[in-house]
Amino acid sequence: MNQHQLSIEARFRPEVLERILRVVRHRGFQVCAMNMGSASNADNINIEMTVASQRSVDLLSSQLRKLMDVACVEIQQQTTQQIRA
């Protein structure tokens, strides 16, 4: 299973995290790790997320960019890791 690190900058809204997580789940990705903090702009937040899937991360990235309140999505790193069930 491939792991991908994403960096997402979004406007701070109560529902923005829920929307992001819904898109991640609907696109068949599993959240492995997530960290959220304030961005340099007080109205924005930075979300660092590690997700895993056999699917292409480019599809997930393009879907996240379409979300209202998401300003930027960057793919930071891709690794291949065996995940044991």
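Counting from 1, the numbers follow the sequence of the chain as shown.
The shortest side-chain heavy-atom distance between R11 and V70 does not fall under the 4.5 Å cut-off. Looking only at side-chain heavy atoms (C-beta outward), L6 and V57 come within less than 4.5 Å of each other. Residues S53 and Q30 are not in side-chain contact: their nearest non-hydrogen atoms beyond the backbone lie 4.5 Å or more apart. Counting heavy atoms from C-beta outward, R13 and R19 have side chains that stay 4.5 Å or more apart. When side chains are defined from C-beta on, R25 does not count as touching V31, because their heavy atoms never get closer than 4.5 Å.
Residues C32 and Q3 share a closest heavy-atom pair of SG-NE2, 3.7 Å.
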Side-chain atoms of residues 43-51: list all donor-acceptor pairs with protein atoms under 3.5 Å, sequence neighbours left out, distances to 0.1 Å.
| from | atom 1 | to | atom 2 | distance (Å) |
| --- | --- | --- | --- | --- |
| N44 | ND2 | E9 | OE2 | 2.9 |
| E48 | OE2 | S7 | OG | 3.1 |

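Rounded to the nearest 0.5 Å, atoms CD1 (I8) and CZ (R65) are 10.0 Å apart. How far CG of D69 is from CD of E15: 6.5 Å, rounded to the nearest 0.5 Å. Of the inter-residue distances, the one linking L21 atom CG with F29 atom CZ reads 14.0 Å to the nearest 0.5 angstrom. Distance CD1/I75 to CG/L60: 8.0 Å, rounded to 0.5 Å.
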